[in-house]
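One structure is given below, encoded as structure tokens.
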Protein chains: 4
Amino acid sequence: MVDPAQNSVNPDKYHRILEAAIGVFAEQGFFNATVSKIARAAGVADGTIYLYFKNKNDILLHFFNYKTKEVFGTFRHEVDKGGNAREKLRNLIKAHLREFQKDRNMAVVFQAEARQIRYFEVYIKDLTNMYFDLVGEIVVQGQEESVFRRGLDPSLVKRFILGTVDEVINTWLHAARKYDLEAQADAIVDLFVNGIGATPPK
Amino acid sequence: MVDPAQNSVNPDKYHRILEAAIGVFAEQGFFNATVSKIARAAGVADGTIYLYFKNKNDILLHFFNYKTKEVFGTFRHEVDKGGNAREKLRNLIKAHLREFQKDRNMAVVFQAEARQIRYFEVYIKDLTNMYFDLVGEIVVQGQEESVFRRGLDPSLVKRFILGTVDEVINTWLHAARKYDLEAQADAIVDLFVNGIGATPPK
Amino acid sequence: MVDPAQNSVNPDKYHRILEAAIGVFAEQGFFNATVSKIARAAGVADGTIYLYFKNKNDILLHFFNYKTKEVFGTFRHEVDKGGNAREKLRNLIKAHLREFQKDRNMAVVFQAEARQIRYFEVYIKDLTNMYFDLVGEIVVQGQEESVFRRGLDPSLVKRFILGTVDEVINTWLHAARKYDLEAQADAIVDLFVNGIGATPPK
Amino acid sequence: MVDPAQNSVNPDKYHRILEAAIGVFAEQGFFNATVSKIARAAGVADGTIYLYFKNKNDILLHFFNYKTKEVFGTFRHEVDKGGNAREKLRNLIKAHLREFQKDRNMAVVFQAEARQIRYFEVYIKDLTNMYFDLVGEIVVQGQEESVFRRGLDPSLVKRFILGTVDEVINTWLHAARKYDLEAQADAIVDLFVNGIGATPPK
DNA sequence: CATGAATGAGCGTTCATTCAT
DNA sequence: CATGAATGAACGCTCATTCAT
């Protein structure tokens, strides 16, 4: 097997297979996807898959390792572009929704398989922690800026935020009618910041 | 196959197999679980499984249809016990966390498989809608009671709430150290109601 | 297992099962027939079958041993009723067609399974030989009476006759439109006796 | 699965499996034959069978579709070589006996399974009709040539001829002592043409 | 005698993986 | 590097048979 990280030979084929695989995984689920189907979708022979990936598991692993990590990298970038905490939070949510909307296959696979397959647990945890770290920083900054209240359980806030976005994406994925996902960012952030409680007469 | 609804024969064995199956599904995932493993776990012969269930899929289907529906029934009951909207919301969250904590296998299977298997999508949607309806009612009541603010997107609020609880349970399931899940209810409700924003100097 | 030959106990049930089995065999073929289906058709429990028959094979064996042997007994009787050889031949063919027409299930099973299952070969051979003996006698008598020509290969004549009747029944069984089988007897005998050759100007 | 019609891959293996399967079917019958036994007989792995055939049924189907159709093709050819009707009839019978004698496995499978398996009924009917057409043509020609008498029921004559040959082959297959099958052709044709009746003093 | 729930051996089929070309 | 035919372990499922009631 070639190391695709420093793979000078045919990086094309590596990506073609990876994309094809994600497509098949998205459509059929990891377990119902066969290596043959992936090969056909990628336009290569079955055996060729094994020149670029150790085995079927390894394909999904690469997906988590490279593809989604890349996406999570843009989250970091987007967050950094924000000035204050609220802006950073909004940028994160917006980026999250945008990127998942942009690559539906990725979204499906990530949402569907991430919780399913024990084998990949550790990679998922990595990604989740990356996300949690981002949120953590934002919260701390927000508290320093006094836009977020003190005394919050940071770990709970992280789950509060990731859980909501996750569910919003999930609903979008299963919806019959397609609507713009990114457009929901502001309403979501508003909920995060203000909750559902009636504001007392201030 | 016998009708398990009527439990005409050996309801014991029916439940033993169902519990055993959920255990195996929880540990290995649906696709890695084999009928043989389930039979062994239940202490019956492979063929016996097929006296109570149509096939492997059918076992999971029964799980969604009976076991989790029952749990969701207690949610309704708990909500009804609450007087005002905030209490109802708290009761729902508490019940949700408690029931999933009480039956860890159920929790694992529900969280892991619910998003995964196309075949069962319709059952999951049923359960989700049941949940959404509950939340919807609570929100409306809260708005009438003026504890929840107007102008909320009800569908977004539902996802906001389910998503958070979902993620909280998920984190608990994957945590190394076991902690009390139900105890988080109040903090969660507080987040829902007040958000993370700093209260303006009142 | 009870010996059904001298079975004082519930000969009814024995015959009910046998008839039911032949019906199921006729409809589905021996190998696709299950003991359960037979039991259901007979209105008894699966286990009851084994009180009257050693196993699934044994049911078919009883069929060959008793049911069809009985039919072949009437062939003998019909032949004996005929005066000259030609009459005897005609009676045999008529009886053959009539009996198979009368019990379609028997006909189907006999025609379909007789050539198929090695296990029963010996019983089939018995029946065939019984038939061959009948034909043999008729041919000899016919030659003595000078209605049948000398120099015939008796064994070939037997196959000539059984084969034709067999095929006529077979065609009837598979025909879409139902017609009277017995009515073909005279035309068949005419073919046997005169062949298809044009009679030379006598 | 590869298209065996085009024999794009390893036509050798395709034929090896087909021959092996027919051998196993001949020895054990279709239902008692297992894919494993066929694979072992063909010297390939179980899975390899499925590269050449859709499933176990498909093997028998190919047998009927290609192997026996080919044989029936030679029947046509042999018939066409005959000048007058009697010669044609004789050629048909001779070819039929010869071909089935040449490939005993084919003969066994054809005789045994043809009447048995509902699934293949349509293919058998095809073959039978092909045969019937041949005989029909011969009979008509014979009547025109005035070697066969008028007023025959053509459909009955067909069954008369096929049935006899069928039975002759059948007897041969089950005989303990092997004798030459083709040698019986003339005696059979003589029976067809002249019947068993004594010729009146002409 | 009768039942039918339980058994488990056995089968057809799939598919990840290998390797000769 | 690329191929795809070949492999065979493994699985879901069926069903003849048994036996406790």
Side-chain angles (χ1 to χ4, degrees), chain A residues 1-2 7 9-10 13 31-40 43-59, chain B residues 1-2 8-10 12-14 17 31-40 42-59, chain C residues 1-2 7 9-10 13 31-40 43-59, chain D residues 1-2 8-10 12-14 17 31-40 42-59:
Chain A
M1 210 197 69
V2 225
N7 178 13
V9 227
N10 228 335
K13 210 164 269 186
F31 287 101
N32 289 318
T34 70
V35 174
S36 268
K37 285 180 203 159
I38 295 170
R40 205 174 318 127
V44 300
D46 291 22
T48 305
I49 304 272
Y50 291 86
L51 298 174
Y52 294 87
F53 301 91
K54 246 197 351 264
N55 50 40
K56 192 181 154 190
N57 275 353
D58 194 44
I59 305 178
Chain B
M1 212 195 68
V2 236
S8 45
V9 258
N10 225 333
D12 243 41
K13 208 162 272 184
Y14 167 77
I17 294 171
F31 287 101
N32 288 318
T34 71
V35 174
S36 271
K37 284 181 204 160
I38 295 170
R40 206 174 316 126
V44 300
D46 290 23
T48 305
I49 303 276
Y50 293 88
L51 296 175
Y52 294 87
F53 301 92
K54 258 210 318 282
N55 50 42
K56 191 183 154 189
N57 274 354
D58 194 44
I59 306 178
Chain C
M1 209 196 73
V2 223
N7 178 13
V9 226
N10 228 335
K13 208 164 270 185
F31 286 101
N32 288 319
T34 70
V35 174
S36 269
K37 284 181 203 159
I38 295 169
R40 205 174 316 126
V44 300
D46 290 23
T48 304
I49 305 272
Y50 290 87
L51 298 174
Y52 294 87
F53 300 92
K54 246 195 353 261
N55 50 40
K56 192 181 153 189
N57 274 353
D58 193 45
I59 305 178
Chain D
M1 213 196 68
V2 237
S8 45
V9 256
N10 225 335
D12 243 40
K13 208 163 274 185
Y14 167 77
I17 294 171
F31 287 102
N32 288 317
T34 71
V35 173
S36 271
K37 284 181 203 160
I38 295 170
R40 205 172 319 124
V44 300
D46 290 22
T48 305
I49 303 276
Y50 293 87
L51 296 175
Y52 295 86
F53 301 92
K54 255 206 326 277
N55 50 41
K56 191 182 154 190
N57 274 355
D58 194 44
I59 306 178

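Small disclaimer: the values here were computed from a predicted structure and weren't measured. To find a chain, count down the sequence lines: A is the first, B the second, and so on, and within it residues start at 1. Both backbone and side-chain heavy atoms feed into the values below; hydrogens, waters and symmetry mates do not.
When the side-chain nitrogen and oxygen atoms of B:T48 are compared with OP1 and OP2 of E:dT7, one or more of them lie within a distance under 4.0 Å. Contact between the side-chain N/O atoms of D:K56 and the OP1/OP2 oxygens of E:dC11 is not found at any separation under 4.0 Å. Phosphate proximity of F:dA6 to D:K13: present, with a side-chain N or O under 4.0 Å from OP1 or OP2. One finds no side-chain N or O of A:T34 lying less than 4.0 angstrom from the OP1 or OP2 phosphate oxygen of E:dC15.
The nearest heavy atom of DNA chain E to A:A33 and to D:S36 marks one nucleotide each, and the one closer to the 5' end goes with D:S36. Both C:D46 and D:G43 lie near DNA chain F, and the one whose nearest nucleotide falls closer to the 5' end is D:G43. Comparing A:G47 and D:G47 along DNA chain E, the residue whose closest nucleotide (by nearest heavy atom) sits nearer the 5' end is D:G47. Residues C:N32 and A:A45 each lie close to DNA chain F; by heavy-atom proximity, the contact nearer the 5' end of the strand is made by A:A45.
With a cut-off of 3.5 Å on both pairing distances, the Watson-Crick or G-U wobble partner of E:dT3 is F:dA20. Within the shown strands, F:dG8 is the pairing partner of E:dC15 under the Watson-Crick or G-U definition, both distances less than 3.5 Å.
Put simply, CG on B:D58 is 10 Å from P on F:dC13, counting in whole angstrom units. Atom CD1 of C:I49 is separated from atom P of F:dC15 by 15 Å (rounded to the nearest Å). Atom CD1 of C:I59 and atom C1' of F:dT17 are 12 Å apart (whole Å). The nearest whole Å value for the distance from the CD1 atom in D:I38 to the C1' atom in E:dT13 is 13 Å. We find that OH of C:Y52 is positioned 20 Å from C1' of F:dA16, with the value rounded to whole Å. Put simply, CZ on C:F53 is 16 Å from C1' on F:dA16, counting in whole angstrom units. Nucleotide E:dT7 holds its P atom 14 Å from the CZ atom of B:R40, rounded to whole Å. Atom CZ in B:F31 sits roughly 16 Å away from atom P in E:dT14 (whole-Å rounding).
For the pair A:V35/A:Y50, a side-chain contact is recorded, criterion being any heavy-atom separation below 4.5 Å from C-beta on.
Heavy atoms only, all atoms of each residue included: D:K13 and D:T48 are closest at CD-CG2, 4.1 Å. The minimum heavy-atom distance between D:I17 and D:I38, with the atom names listed, is O-CG2, 4.3 Å. Looking at every heavy atom in both residues, B:S36 comes nearest to B:D46 through OG-OD2, 2.5 Å.
At a threshold of 4.0 angstrom between heavy atoms, the contacts of D:A39 with the nucleic acid are absent.
Looking at the side chain of D:N55, the nearest of the listed nucleotides F:dG12, E:dT13, F:dT7 is E:dT13. In this structure, the nucleotide among F:dT3, E:dG4, E:dT17 sitting nearest to the side chain of A:Y50 is E:dT17.
Under the 30°/60° scheme for interplanar angles, the aromatic rings of A:F31 and B:F31 are found to lie parallel.
A distance-only check finds a donor-acceptor pair linking the side chain of A:K56 to the backbone of A:A33 [under 3.5 Å].
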